[in-house]
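Below, chains carry the letters A, B, ... as their sequence lines are ordered, and counting in each starts from 1.
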Amino acid sequence: MSNKESLNFVEIEVEKDLEAGTYAGRVHTRFPPEPNGYLHIGHAKSICLNFGLAKKYGGKTNLRFDDTNPVTEDTEYVDSIKADIKWLGFEWEGQELYASDYFEQLYEFAVKLIQDGKAYVDDSSAEEIAKMKGTPTQAGLNSPFRERTIEENLRLFEGMKNGEYPDGARVLRAKYDMASPNMLLRDPNLYRIKRAHHHRTGDKWCIYPLYDFAHGQSDAIEKITHSVCTLEFKNHRPLYDWLIESLGIYPTRQIEFARLNLEYTMMSKRKLLQLVNDKHVSGWDDPRMPTISGMRRRGYSAAAIRNFCDRIGIAKRDNVIEYASLEFSVREDLNKVATRVMGVLDPVKLVITNYPKDQVEFVEIENNPEDPESGVRSIPFSGELYIEREDFMEDPPKKFFRLGPERSVRLKSGYIITCTGFDKDPDTDAITEIRCTYYPDSKSGADTSGIKAKGTLHWVSVKEAVPVEIRLYDRLFSDPNPAGHPDQDFREFLNPDSLRYIPTAYVEPALKEAKLGQHFQFIRKGYYCLDQDSSSEKLVFNQTVGLKDSWAKKG
RNA sequence: UGACCCAUGGUGUAAUCGGUAACACAACUGUUUUUGGUGCAGUCAUUCAAGGUUCGAGUCCUUGUGGGUCAACCA
């Protein structure tokens, strides 16, 4: 194979346009969210594509809110969307734009369409219109209002704008073809009467354009060259192109790609909103949500998400991405940037019987072995430590490299120890304390003992240990496709164990200085980050993702 | 029973004028390692089916099969 980088099909189409000089060598894309929910990982794919295209071909990307349905839209969503895009590392061209900025222009476009005999006002009810639509195999029926004069249509449409008719009384429709085999072309609705307070235009308008008469027109107004959207809009394209031609506006090209589907979750904003409203999650930014804000809170980095979007590619076939692919991207990035720290999630006390009583020494630990620039840090070591309960077995199998009676391990950055005994709670059989001796000449970095220890354990000095709360997350749904069962509500597949609390775990003192947005690796356990629920009295850490664990897999 | 789109390993994406299936993830080996992490090396597909065109087909044609989208005054 050549060393030429392979292009996705959208890039191929863009390059064709570039070569043909279709848009005078320009590439201007747009990301057009509706402000009716928070952005999710599927949007991230679209953001990376649209902004990536512009970046690659020296173009620009507009951020345009597709705010034509006032009843579901809100400024809270506008703010979160802007924040999420910035956090992902993208910059849109100039100020953010709004389809609602074009309401006046859109109205004029509609008038022109009517004047050209290409649109009419229909007095039928929504039900009647639906009935006259026909079915996929059966042509629709012309509306009795279809042949109104241009003058009457003009007068009626103006009346709609002026609030002379109640909501739903009339609608503006394209005069296209009620017999079209493409259902979307059977005289689609263009404008509806809806008295609702708009988050930006307030009560100025009582008619609002529908998607088909707002999106493409906004693209044209902004002289967008390539309007990249998901596959479900493919069937709209003939209408998109027809309106451009009819209106004589900028000929933006619509290109459709397959949306992202991720195992064990779903991307429907409507369904995600239900989870929020029903309090199945703590909010749009719950760390279990597939939202950008949820993933950020969970500890996923922007680079990880970008790399993920890069890795999954762009194509036209339906796809379901494995969760492992996302988690790989997260681990890959965090491995490079996360500071290694000591944290014991399920503590059991380890007493080093030959260590000087009450002595505390500071041992050095690398901040990140993957990053030579990251330096070292000192952590307190003493004769009383917490280690992980699962790192000790009373009667371990041969392949268990951790602690057991008579067995030796290295305490990471400290000394090699040999287990000499342990205590058990007679009632519960639980280990209450482990005893060991250490080898003073085995100190990390200055080991002259000659002793070989197969395993290395993480630990925290009891006296200096900081108690923290840990939140462990699992997939939100137990079914790979929770929204894919026509006879069952997606909430039936909610995983009851998706959130687990560890009320008291112990971490090294340096973590008292942890800041929101920092990434840590709790050595041998996983990646963690401080949660916004933390207070000065209680620190809360989220597990971003566990480390790969080939031992747990075998066991 | 309509229109449109799609079909390459367990998953995702490549193969750009038809030239002999590549990359990543997952899985499994082995190796390195003061994280059972990381790194490194290796194993794992004749491209939905059947015909056709061609010296040669994942790529072109035909017919099937399977999947998706469309009948919101949502986007």
Novice: For nucleotides G42(B) and U65(B), find the distance between their P atoms and express it as a whole number of Å.
Specialist: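 Result for the P pair: 45 Å, nearest Å.
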
Novice: Tell me, do Arg30(A) and Asn50(A) make a side-chain contact under 4.5 Å, heavy atoms counted?
Specialist: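 They are in contact (side-chain heavy atoms under 4.5 Å apart), so the answer is yes.
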
Novice: Counting any heavy atom closer than 4.0 Å, what does Arg410(A) reach on the DNA or RNA strands: base, sugar-phosphate only, or nothing?
Specialist: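 Arg410(A): base contact, heavy atoms under 4.0 Å.
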
Novice: Kindly say whether, by distance alone, the side chain of Gln521(A) makes a donor-acceptor pair under 3.5 Å with the base of U35(B)?
Specialist: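 Donor-acceptor pair under 3.5 Å: yes.
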
Novice: Lys194(A) near the nucleic acid: base, sugar-phosphate alone, or nothing, with a heavy-atom cut-off under 4.0 Å?
Specialist: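 If one applies the 4.0 Å heavy-atom cut-off, Lys194(A) turns out to touch the sugar-phosphate alone, with no base involved.
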
Novice: Do any of residues 328-340 of chain A sit with a heavy atom less than 4.0 Å from RNA chain B, and if so which?
Specialist: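 Close to the strand are Phe328(A), Asn335(A), Arg340(A).
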
Novice: Nearest of C5(B), G2(B), G37(B) to any side-chain atom of Lys316(A)?
Specialist: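 Shortest atom-to-atom distance from the side chain points to C5(B).
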
Novice: Can you label the angle between the Phe103(A) ring and the Tyr208(A) ring as parallel, tilted or perpendicular, going by 30° and 60°?
Specialist: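 If you compare the ring of Phe103(A) with that of Tyr208(A), the planes turn out perpendicular.
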
Novice: Between U47(B) and G37(B), how far apart are the two P atoms, rounded to whole Å?
Specialist: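 Pairwise P distance, U47(B) against G37(B), rounds to 37 Å.
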
Novice: What donor-acceptor contacts under 3.5 angstrom involve side-chain atoms of residues 318-328 of chain A, with partners at least two apart or in another chain?
Specialist:
from	atom 1	to	atom 2	distance (Å)
Asn319(A)	ND2	Arg259(A)	O	3.2
Asn319(A)	ND2	Arg317(A)	O	3.4

Novice: Check every strand shown and say whether Phe522(A) touches a base, only sugar-phosphate, or nothing at a heavy-atom separation below 4.0 Å.
Specialist: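 If one applies the 4.0 Å heavy-atom cut-off, Phe522(A) turns out to touch nothing in the nucleic acid.
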
Novice: Check every strand shown and say whether Ala126(A) touches a base, only sugar-phosphate, or nothing at a heavy-atom separation below 4.0 Å.
Specialist: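 Since a base atom lies under 4.0 Å of Ala126(A), the category is base.
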
Novice: Please name all residues satisfying side chain to side chain donor-acceptor pair (under 3.5 Å) with Asp123(A), sequence neighbours left out, ordered by chain then number.
Specialist: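 Side chain to side chain donor-acceptor pair (under 3.5 Å) check on Asp123(A) returns Arg148(A), Arg170(A).
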
Novice: Would you classify Lys412(A) as touching base, sugar-phosphate or nothing, given that sugar-phosphate means primed atoms plus P, OP1 and OP2, and contacts are heavy atoms under 4.0 Å?
Specialist: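 Answer is base: heavy atoms of Lys412(A) come under 4.0 Å of a base.
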
Novice: Under 5.5 Å between ring centres and under 30° between planes: true for Tyr211(A) and the base of A75(B)?
Specialist: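 No.
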
Novice: Base, sugar-phosphate or nothing for Leu210(A)? Non-hydrogen atoms, less than 4.0 Å.
Specialist: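 Result for Leu210(A) = sugar-phosphate.
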
Novice: Heavy atoms only, 4.0 Å cut-off, all strands: where does Val320(A) land among base, sugar-phosphate and nothing?
Specialist: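 It contacts sugar-phosphate atoms only.
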
Novice: Side chain of Ile312(A), heavy atoms from C-beta onward: which of G36(B), A75(B), G12(B) has the nearest atom to it?
Specialist: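 Out of G36(B), A75(B), G12(B), the nucleotide with an atom closest to Ile312(A)'s side chain is G12(B).
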
Novice: Under a 3.5 Å cut-off on both pairing distances, which runs of 3 or more consecutive Watson-Crick or G-U pairs involve RNA chain B?
Specialist: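 In RNA chain B, stems of three or more pairs: B:2-7 with B:65-70, B:10-13 with B:22-25, B:27-31 with B:39-43, B:48-52 with B:60-64.
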
Novice: Check salt bridge (charged side-chain N to carboxylate O under 4.0 Å, His left out) between Arg64(A) and all other residues, then give those that pass, not counting sequence neighbours.
Specialist: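 Only Asp219(A), Glu222(A) meet the salt bridge (charged side-chain N to carboxylate O under 4.0 Å, His left out) criterion with Arg64(A).
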
Novice: Kindly indicate whether the side chain of Arg402(A) and the base of G36(B) share any N or O donor-acceptor pair separated by less than 3.5 Å?
Specialist: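 Yes, the side chain and the base share a sub-3.5 Å donor-acceptor pair.
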
Novice: So, Arg402(A) and Glu390(A), do they make that salt bridge, N to O below 4.0 Å?
Specialist: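 Yes, this pair counts.
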
Novice: Output all residues satisfying salt bridge (charged side-chain N to carboxylate O under 4.0 Å, His left out) with Lys336(A), sequence neighbours left out; order by chain, then residue number.
Specialist: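 Lys336(A) satisfies salt bridge (charged side-chain N to carboxylate O under 4.0 Å, His left out) with no residue once adjacent residues are dropped.
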
Novice: Base, sugar-phosphate, or nothing: which does Glu34(A) touch, judged by heavy atoms less than 4.0 Å apart?
Specialist: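 If one applies the 4.0 Å heavy-atom cut-off, Glu34(A) turns out to touch the sugar-phosphate alone, with no base involved.
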
Novice: Salt bridge (charged side-chain N to carboxylate O under 4.0 Å, His left out) with Lys269(A): which residues, sequence neighbours excluded?
Specialist: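 With neighbours one apart ignored, the set is empty.
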
Novice: Using a heavy-atom cut-off of under 4.0 Å over every strand shown, decide if Pro33(A) touches base, sugar-phosphate, or nothing.
Specialist: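 No contact.
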
Novice: Given that Gly313(A) and Phe401(A) both sit by RNA chain B, which one's nearest nucleotide is further toward the 5' end?
Specialist: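 First, find each residue's nearest nucleotide; the 5'-ward one identifies Gly313(A).
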
Novice: Answer yes when Asp17(A) and Arg253(A) have at least one side-chain N-carboxylate O distance shorter than 4.0 Å, and no when they do not.
Specialist: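 Salt bridge present between Asp17(A) and Arg253(A).
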
Novice: Contact class for Lys443(A) vs. all strands (heavy atom < 4.0 Å): base, sugar-phosphate, or nothing?
Specialist: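 Touches a base.
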
Novice: Can you check whether any acceptor in the base of G37(B) is under 3.5 Å from a donor in the side chain of Glu370(A), or vice versa?
Specialist: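 Per atom types, the contact qualifies.
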
Novice: Under 4.0 angstrom, heavy atoms only, what part of the nucleic acid is Gly140(A) near: base, sugar-phosphate, or nothing?
Specialist: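 Nothing: the residue Gly140(A), judged by heavy atoms under 4.0 Å, touches no strand.
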
Novice: For Lys16(A), is there an ion pair with Glu19(A) - N to carboxylate O distance below 4.0 angstrom?
Specialist: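 Looking at Lys16(A) together with Glu19(A), the answer is no, because their closest N to O distance does not fall below 4.0 Å.
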
Novice: Which listed nucleotide (U1(B), C6(B), G37(B)) is nearest to the side chain of Lys548(A)?
Specialist: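 That would be G37(B).
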
Novice: Mind checking Ile314(A) for me? I need base, sugar-phosphate or nothing, with any heavy atom below 4.0 Å counting as a touch.
Specialist: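 Sugar-phosphate: the residue Ile314(A), judged by heavy atoms under 4.0 Å, touches backbone atoms but no base.
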
Novice: Using a 4.0 Å heavy-atom cut-off across all strands, classify Thr68(A) as base, sugar-phosphate, or nothing.
Specialist: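 It contacts sugar-phosphate atoms only.
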
Novice: Salt bridge (charged side-chain N to carboxylate O under 4.0 Å, His left out) with Glu366(A): which residues, sequence neighbours excluded?
Specialist: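 Not a single residue meets the salt bridge (charged side-chain N to carboxylate O under 4.0 Å, His left out) criterion with Glu366(A).
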
Novice: NA contact type, Ser124(A), heavy-atom cut-off 4.0 Å: base, sugar-phosphate, or nothing?
Specialist: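 Base contact - Ser124(A) has a heavy atom under 4.0 Å of at least one base atom.
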
Novice: For Lys412(A), enumerate each residue passing the side chain to side chain donor-acceptor pair (under 3.5 Å) test, keeping only those at least two apart in sequence or located in another chain.
Specialist: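 Partners of Lys412(A) by the side chain to side chain donor-acceptor pair (under 3.5 Å) criterion come out as none, since no residue qualifies.
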
Novice: Could you tell me which residues satisfy side-chain contact (heavy atoms from CB on, under 4.5 Å) with Thr339(A), sequence neighbours excluded, listed by chain and number?
Specialist: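 Partners of Thr339(A) under the side-chain contact (heavy atoms from CB on, under 4.5 Å) test: Val341(A), Asn367(A), Arg377(A), Phe520(A).
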
Novice: Quick one: side chain to side chain donor-acceptor pair (under 3.5 Å) partners of Tyr386(A), sequence neighbours excluded?
Specialist: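 Scan of Tyr386(A) (side chain to side chain donor-acceptor pair (under 3.5 Å), adjacent residues dropped) gives none.
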
Novice: Check nucleotides 68-71 of chain B against the protein and report each pair of N or O atoms closer than 3.5 Å, with its distance, or say if there are none.
Specialist:
from	atom 1	to	atom 2	distance (Å)
G68(B)	O4'	Asp318(A)	OD2	3.2
G68(B)	O2'	Asp318(A)	OD2	3.4
U69(B)	O2	Asn235(A)	ND2	3.0

Novice: Nearest to the side chain of Leu7(A), which nucleotide is it out of A24(B), U16(B), G37(B)?
Specialist: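 Minimum distance to the Leu7(A) side chain belongs to U16(B).
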
